[in-house]
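Below you'll find the structure, written out as structure tokens, and then a few comments.
Just so it is clear: chains get the letters A, B, ... in the order the sequence lines come, proteins before strands, and each one is counted from 1.
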Amino acid sequence: MEIPLLRYQSLTLDQIQNHNNRSFPFLFSKSKCLNQKKLFSGYGFSFNKTKWKNPFWKIKCCSLDQGLRPRPKPKPAKVNIDVSERSNFVRRPSVGICSQIEKSVLFARYREALDLFEIFEIEGGFDVGISTYDALVNACIGLRSVRGVKRVFNYMVSNGFELDQYMRNRVLLMHVKCGMMVDARRLFDEMPERNLVSWNTIISGLVDVGDFVEAFRLFLTMWAEFSDAGSFTFAVMIRASAGLELISIGRQLHACTLKMGIGDDIFVSCALIDMYSKCGSIEDAHFTFDKMPEKTTVGWNNIIAGYALHGYSEEALEMYYEMRDSGVKMDHFTFSMIVRICARLASVEHAKQAHAALIRHGFGSDIVANTALVDFYSKWGRIEHARHVFDKMTCKNVISWNALIAGYGNHGLGREAVELFEQMLQERINPNHVTFLAVLSACSHSGLSELGWEIFHSMGRDNRIKPRAMHYACMIELLGREGLLDEALALIRGAPFKPTANMWAALLTACRVHENLELGKFAAEKLYGMEPDKLNNYVVLLNIYNSAGNIKEAAGVVHTLKRKGLRMRPVCSWVEVKRQSHVFLSGDKRHPQRKEIYEKVDKLMLEISNYGYVPDNKTLLPDVDEQEARIRLYHSEKLAIAFGLMSTPYWVPLQIVQGHRICSDCHKAIKLIAMVTGREIVIRDASRFHHFKDGHCSCEDYW
DNA sequence: TTAGGGTTAG
């Protein structure tokens, strides 16, 4: 979705920054707004040149189709009680309870404060002052307690507390922060007066709950009625444009802030960095970051998150070290991100350092950082470390449990995953759809079909979670592993929704393993209809034909591949040696030590051939010549292993990371390489971990 | 009186 609203859309930030013409573009052009019914239905905008005020521009709000339509005058607030009624209350001193409530809130003991408040509610008639109500508002916000909000507000109203502008804003904030947006909106609409804080509070609440369109409507109404906005408002609206992923609107807001002289505001800058990176322009995000006069922790965090979001993990890591060296305080957000980035890179040394730094900086008990660590250690292949971190966590949420359950599943430890899942239920943690995905996938990897079925059926029955397509795909994979192809097909046909591509893909893979030509062809045809340009679907069917010796059909698939111009995408593997990643592609010749690497692979292949290894060239296209075939059989993981064996001491387990699923030929070869070299090799591929040691792999069920 | 960012799966 793109809204072509900005006159300066094609300008770069540099041009906007250096734009000295005082005829600043108005925010939204009227004619173009006509097309944006969803975003600005009922509102149009005109620009009144005669009434320019500082900062050079003003927006006037009017109706597009019915001429001017002023907003209705706000009704008086209902919260005011008649004075005559108020005189009926008996005022009593609060006997130090008020000061106790304020003290409790000061030390973040919110529950205690609300418990003390109950005394007022039971006995009634106590004289409660602004400072105590203020504290109670903070207690409700701290606990995000809807019930607390209702209790405090009811007490205010029933005791005739007269709300001034400050207190009205506080009450509004209390509702907004506790997610009571309907009540908050009613309070806002009924306010006799609204100041900048009132507008900012309601708009920011709308952005927080994701109602960006309504936030924009209110923002524009605010301009029409109130004619003021500051850095706070702009920071919130920039967040809203990030939520809508509308960079064009974000740019306009950026331009406005520059013209108003608030472009350097910390909150505005941070919101801009976040907006640009979420809208896909990391260059603009970096530009804004560079322009920040003072680079704050949040600024650094946002730019690191931006790089990570775009898959630039190495750059994100570099930024983290720059941040550390700049002396800016790092916080739990920083460490959570860095651990996650390390998990993605499988960068052991960096992650260990980040773990140590996290503890040194006092964030050792942060729930998110620890969850990221659980994920990292399980992705690194050290599930026992992950368990250790998990057990030490004083506070866990469903994501922490999911991370470890998925970790067990990926290590082929299905029983442990199910046990942990049961423990989670006993501790009354509500599982979500990700939990079931993790546990079903664990059952599938470990061949626990009965348990898998039981858990699958319990989803809707006991946990009120409707199985989604991914859960069905897990079950199809599980049945497929056991060769129950008809049952798998029945499950697809019995699904309460249209079968998705990954469900058919799971069946197709099962057909390849169990060499069921007819059903495989049927699944492949379904897949071709849904994903006509996905190469993998054709390759799986090609493998089925090759395995069955059906040369004619195989040639037909190759012909289709060529006709469609589908080519194998190069996929890579990498190994970290002395804090540096070495990346290899299949048949890669770019590494400076390529000669030694190929000699090593040749030697390894010769050695394992003595133990019965025969290269499997069934997956190769028929027209590949012998020399090319030999190079292609040296898949990226074999090159990474050869380099790793040459460069690391024998007692260190070799960690290889792959962006793709390990092929069965490599699986077979690596088992033998581990045996002849006596080295432990851990491969993390797209779907799970493989621990190769003494001629065995942790996942003997591999298929 | 109002404020920014982080963790699991896919």
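The side-chain tip of A:R194 points at the ring of A:F188 from less than 6.0 angstrom away and within 45° of straight on.
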Exercise for review: Go through the steps for A:H361 and A:F335 under the test ring-ring contact (aromatic ring centres under 6.0 Å, His included), then give the verdict.
Suggested key: CA-CA 10 Å; A:H361 285 77; A:F335 291 113; 5.3 Å; yes
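Looking at A:R168, its side chain does come within 3.5 Å of a backbone N or O of A:L163 through a donor-acceptor pair.
Here B:dG5 presents its P atom at 6 Å from NZ of A:K278, a figure rounded to the nearest Å. Taking atom CZ on A:R194 and atom C1' on B:dT2, their separation rounds to 16 Å, with Å as the unit. Counting to the nearest Å, the P atom of B:dT2 and the CG atom of A:D208 are 14 Å from each other. B:dG5 atom P lies 13 Å from atom CG of A:L272, rounded to whole Å. The separation between A:L253 atom CG and B:dG4 atom P is 17 Å, rounded to whole Å. Put simply, CG on A:N301 is 14 Å from C1' on B:dT7, counting in whole angstrom units. A:I141 has its CD1 atom 10 Å from the C1' atom of B:dT2, to the nearest Å. Between A:R344 atom CZ and B:dT8 atom C1' the separation is 13 Å, expressed in whole Å.
When the salt bridge (Lys or Arg N to Asp or Glu O under 4.0 Å) test is applied to A:D462, no partner is found at least two apart in sequence or on another chain.
For A:K177, a side-chain nitrogen or oxygen approaches OP1 or OP2 of B:dA3 to under 4.0 Å. At the phosphate of B:dG5, OP1 or OP2 sits under 4.0 Å from a side-chain N or O atom of A:R239. In this structure, A:K379 reaches the B:dA9 phosphate: one of its side-chain N or O atoms is under 4.0 Å from OP1 or OP2. Of the side-chain N and O atoms in A:R340, one or more sit less than 4.0 angstrom from OP1 or OP2 of B:dT8.
Taking the side chain of A:M470 as heavy atoms from C-beta on, and the options B:dG6, B:dA3, B:dG10, the nearest nucleotide is B:dG10. Taking the side chain of A:N397 as heavy atoms from C-beta on, and the options B:dT7, B:dT1, B:dA9, the nearest nucleotide is B:dT7. Each of B:dA9, B:dT2, B:dG6 was ranked by its minimum atom distance to the side chain of A:V434; first place goes to B:dA9. Which of B:dG4, B:dG10, B:dT7 sits closest to the side chain of A:T296 comes down to B:dG4. Among the nucleotides B:dG4, B:dT1, B:dT7, the one closest to the side chain of A:I399 is B:dT7. Among B:dT7, B:dT2, B:dG5, the nucleotide with an atom closest to any side-chain atom of A:L173 is B:dT2.
For A:T201 and B:dT2, a side-chain-to-base donor-acceptor distance below 3.5 Å is absent, hydrogens and geometry of angles not being considered. Under 3.5 Å, the side chain of A:N302 and the base of B:dG5 form no donor-acceptor pair of N or O atoms. You'll find a donor-acceptor pair under 3.5 Å spanning the side chain of A:D331 and the base of B:dG5, going by distance alone.
In the model, A:N463 has no side-chain atom that pairs as donor or acceptor with a side-chain atom of A:N430 under 3.5 Å.
Remark: aromatic rings of A:Y276 and A:F287 are distant, center separation not under 6.0 Å. Here A:W300 and A:F289 bring their ring centres to under 6.0 angstrom of each other. Aromatic ring centroids of A:F117 and A:Y155 lie under 6.0 Å apart. For A:F363 and A:H355, the distance between ring centers is not under 6.0 angstrom.
Residue ring and base: A:F333 does not count as stacked with B:dG6 (centre distance below 5.5 Å and interplanar angle below 30° not both satisfied).
Using a 4.0 Å heavy-atom criterion, one finds that A:T297 contacts the bases of the nucleic acid, with or without backbone contacts as well. Contacts of A:N169 with the nucleic acid, taken as non-hydrogen atoms under 4.0 Å apart, include base atoms. The residue A:N195 sits close to a base: some heavy atom pair falls under 4.0 Å. Heavy atoms of A:V236 sit nowhere under 4.0 angstrom from any nucleic acid atom.
Within residues 400-407 of chain A, the residues that place at least one heavy atom under 4.0 Å from DNA chain B are, in residue-number order, A:N402.
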